[in-house]
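Below you'll find the structure I mean.
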Number of protein chains: 2
Amino acid sequence: MFSETVSSADYSKFPVPSMRHAAAESGLERGSIRRVKAKEQIFCDGDPRTHVFRVEQGVITLSKLLSDGRRQIIDFAYPGDYIGLGVLPDYVFDAQATCAAKVRCLSTSALEQEAATDASLALKLYKAVSAELTAARSLLVSVGQKTAMERISAFLLNLVARNQKSGAEAGVVRLPMRRSDIGDLLGLTIETVSRMITKLRMMRVIDVVNGTEVRILNRGRLEELAGE
Amino acid sequence: MFSETVSSADYSKFPVPSMRHAAAESGLERGSIRRVKAKEQIFCDGDPRTHVFRVEQGVITLSKLLSDGRRQIIDFAYPGDYIGLGVLPDYVFDAQATCAAKVRCLSTSALEQEAATDASLALKLYKAVSAELTAARSLLVSVGQKTAMERISAFLLNLVARNQKSGAEAGVVRLPMRRSDIGDLLGLTIETVSRMITKLRMMRVIDVVNGTEVRILNRGRLEELAGE
DNA sequence: CGGACCGTTGACTCTTGTCAAAGCCAGTGG
DNA sequence: CCACTGGCTTTGACAAGAGTCAACGGTCCG
């Protein structure tokens, strides 16, 4: 499963380049682009936190692994999202591309140095992390309180909202992740995820094409099913 | 149950006072102290986010309520923790005191204004929110992946770690919250919480006095049970 | 063509939730 | 001083939602 995984040191091969057009760029715009292949690991839990990444293309899975193999996905990072923000010296989760992707690499030390004197940059970091916190807590509510059906429904609505922003066809969601990823995000098994999706299809609430594209047929019903 | 609850507007009666010794104080030190009684609501989900609070004494429960009454506790805020940080115009959860408590009230607008020019303050906010994010994700891993026994064990160890810092007797934890609070934090029912605590007592891993004070008898075993 | 991977479906199990009753403790009022 | 009340916890019996195990099918790719 991890045969394509790249050693955790690999991302150090993508240093932040010298500031060629620095004057025009804030600390969050600089940085070289790194291409990652599907299933390639960007960094691992426990690695020194040398870079912060900004997703430019693709979807990145952020996850935490327990020693016995259980996995909790903490978030899916979409284009525009930042990965690896925080105050700890090491990364505290794994980051892996679900599909071919591009990320911008920002040196942690340079970022922190700049933020120490640039209040607007520091505030941007504050806002980015606050948004992550809101998302994490919302997921926590789902996982802690909702039934399998409610979690799947809420998850789909969440994806719709994200995709809307990136201007996709209304009411159609691409699922770039596998069933096991959805399960590990929502605290369910792949079988349960599959069954709930089948049930939603049977209820004519959604339609699924190729297993990866979901068309919302009855948004109102889906919202009811998502349990507020 | 909510007979002692204070109307959501009440905290506006505690404005930030004029800066009497401003030169010596950063934006996070200023602010009047507000006393809250046990079970008193500090603010509600949806109220305008007029203040950020710093817990000075007691324990504050942060929770999110679903329309049908299910409740997810997002965090317990201990002395030194900040409540209500973020970028949204309204509060996105309820804050309620589990026991008599004191909080310092900081005006949101003043804080934001100051942070816009003071990078070190903005960085402090960034760090505070980052810590909350780490805690939220750690809880998410518990709730999403762990069994009831593992969640309870991890929860107790978490409390031990927090209390250690505030210099309590080693290996003894006070539980200022009720079983229903623990259940709503961990995504379990009160019955399950009670059963697991009983089981831990039977296994001689912990001892419980008065239902509110837990003595850790076998920390190693408890760590094993917490599932990494 | 064959294998690997992923998703779906079915039968069965089990952990946890639900419902109900009893115990415990603190505060109150006679 | 003590019985009463209400809130919280504990315990038990039972139910159900989700997990486990297993088999099958589809798709991609060498």
Side-chain angles (χ1 to χ4, degrees), chain A residues 1-5 37-39 61 66 68-72 98-100 142-153 155 175-202 206-214 225 227, chain B residues 1-5 37-39 61 66 68-72 96 98-100 142-153 175-202 206-214 225 227:
Chain A
M1 182 181 181
F2 290 126
S3 56
E4 296 183 73
T5 296
K37 289 178 296 198
K39 299 191 193 176
T61 301
L66 299 193
D68 62 358
R70 283 176 289 179
R71 184 178 69 146
Q72 176 67 43
T98 56
C99 51
S142 271
V143 172
Q145 301 301 325
K146 296 187 179 177
T147 65
M149 185 52 116
E150 290 171 331
R151 290 183 220 180
I152 295 287
S153 302
F155 168 71
L175 299 181
M177 68 291 288
R178 295 165 306 191
R179 296 291 181 271
S180 67
D181 292 330
I182 301 176
D184 288 347
L185 177 79
L186 301 177
L188 300 170
T189 59
I190 51 177
E191 292 93 333
T192 301
V193 172
S194 182
R195 277 187 256 267
M196 294 303 138
I197 290 180
T198 300
K199 204 165 179 180
L200 284 173
R201 264 199 300 124
M202 294 303 152
I206 64 172
D207 193 22
V208 182
V209 187
N210 285 330
T212 69
E213 205 169 294
V214 175
L225 289 168
Chain B
M1 181 179 180
F2 289 127
S3 56
E4 296 182 74
T5 295
K37 289 178 296 196
K39 299 192 192 175
T61 301
L66 300 193
D68 62 358
R70 283 176 289 180
R71 184 178 69 144
Q72 176 68 43
Q96 186 184 22
T98 57
C99 50
S142 271
V143 172
Q145 301 300 325
K146 295 187 179 177
T147 64
M149 185 52 112
E150 290 171 332
R151 290 183 220 180
I152 295 287
S153 301
L175 299 181
M177 68 291 289
R178 296 164 305 189
R179 297 290 182 269
S180 66
D181 292 330
I182 301 176
D184 288 347
L185 178 79
L186 301 177
L188 300 170
T189 60
I190 51 177
E191 292 94 332
T192 301
V193 171
S194 181
R195 278 188 255 268
M196 293 303 138
I197 289 180
T198 300
K199 203 165 180 180
L200 285 172
R201 265 199 300 124
M202 294 304 152
I206 64 173
D207 192 22
V208 182
V209 186
N210 285 329
T212 69
E213 204 169 294
V214 174
L225 289 168

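Below, each value reflects all heavy atoms present in this structure, side chains not excepted, and no hydrogens, waters or symmetry copies. In what follows, chains are A, B, ... by sequence order, proteins preceding strands, each numbered from 1. Predicted, not measured: the structure shown is a model, and the values here were computed from it.
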Is B:I197 touching bases, backbone alone, or none of the nucleic acid, heavy atoms closer than 4.0 Å?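 Here B:I197 touches no strand at all.
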Round to a whole Å and report the spacing from NZ of B:K199 to P of D:dG12.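 One finds 13 Å between P of D:dG12 and NZ of B:K199, rounded.
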Without decimals, in angstroms, what is the distance between A:I182 CD1 and C:dG7 C1'?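 After rounding, the gap between these two atoms is 11 Å.
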Rounded to the nearest angstrom, tell me the gap between atom CG in A:L200 and atom C1' in C:dT8.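 Result: 15 Å.
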First of A:A148 and B:G211 reached from the 5' end of DNA chain D, by closest nucleotide: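 The answer here is B:G211.
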Looking at B:T198, I'd like to know whether one of its side-chain N or O atoms comes within less than 4.0 Å of OP1 or OP2 on D:dT11.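 Yes, such a contact exists.
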Measure from CG on A:L188 to C1' on C:dG7 and round the result to the nearest Å.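 It works out to 16 Å between those atoms.
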Can you tell me if A:K39 touches the phosphate of C:dC6, counting only side-chain N or O atoms and a distance under 4.0 Å to OP1 or OP2?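 Answer is yes, contact under 4.0 Å.
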Phosphate OP1/OP2 of D:dT10 contacted by B:R195 side-chain N/O (<4.0 Å):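 The answer is no; no side-chain N or O of B:R195 sits under 4.0 Å from OP1 or OP2.
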Does B:G187 reach a base, just sugar-phosphate, or nothing at all? Heavy atoms under 4.0 Å.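 Touches sugar-phosphate only.
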Would you compute the distance between atom CD1 of A:I197 and atom CG of A:L175 and round it to the nearest 0.5 angstrom?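 Rounded to the nearest 0.5 Å, the CD1-CG separation comes out at 6.5 Å.
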Under 4.0 Å from OP1 or OP2 of D:dC8: is there any side-chain N or O of B:R178 that close?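 Yes, B:R178 has a side-chain N/O under 4.0 Å of OP1/OP2 on D:dC8.
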Over how many whole Å does the gap from A:M196 atom CE to C:dG7 atom C1' extend?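 Rounded to whole Å, this separation is 15 Å.
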Could you state the CD1-P distance from A:I152 to C:dT8, rounded to the nearest angstrom?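 Value for this atom pair: 11 Å.
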Does A:G183 offer a backbone N or O that forms a donor-acceptor pair with the side chain of A:D181 under 3.5 Å?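 A pair under 3.5 Å: no.
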CZ/B:R179 to CD/B:E191 distance, rounded to the nearest 0.5 angstrom?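 Result: 12.5 Å between the selected atoms.
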Identified side chain to side chain contact (heavy atoms under 4.5 Å, CB included) counterpart of B:I152 within the set B:T192, B:L186, B:T147: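 The residue from B:T192, B:L186, B:T147 that satisfies side chain to side chain contact (heavy atoms under 4.5 Å, CB included) with B:I152 turns out to be B:L186.
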Residue mapping more 5' on DNA chain D - nearest nucleotide basis, A:E191 or A:N210: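 Per heavy-atom nearest nucleotide, the more 5' residue is A:E191.
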Indicate whether OP1 or OP2 belonging to C:dG7 is found under 4.0 Å from a side-chain N or O atom of A:S194.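 For C:dG7, neither OP1 nor OP2 has a side-chain N or O of A:S194 closer than 4.0 Å.
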Nearest-Å distance, CD1 (B:I190) to P (D:dT11)?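 In whole Å, D:dT11 P and B:I190 CD1 are 13 Å from each other.
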Inspect the contact between A:R178 and A:D184 and indicate whether a charged nitrogen and a carboxylate oxygen are less than 4.0 angstrom apart.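 No, no charged N to carboxylate O under 4.0 Å.
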Output yes when at least one side-chain N/O atom of A:T192 is less than 4.0 Å from OP1 or OP2 of D:dG19, else no.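 Answer yes for this pair, as a side-chain N or O of A:T192 is under 4.0 Å from OP1 or OP2.
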Could you state the atom-to-atom distance from CZ of B:R151 to P of C:dT15 in whole Å?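 Between P of C:dT15 and CZ of B:R151: 14 Å.
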Nearest-nucleotide pick for B:R179, side chain only, options being D:dT9, D:dG12, C:dT9: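 Minimum distance to the B:R179 side chain belongs to D:dT9.
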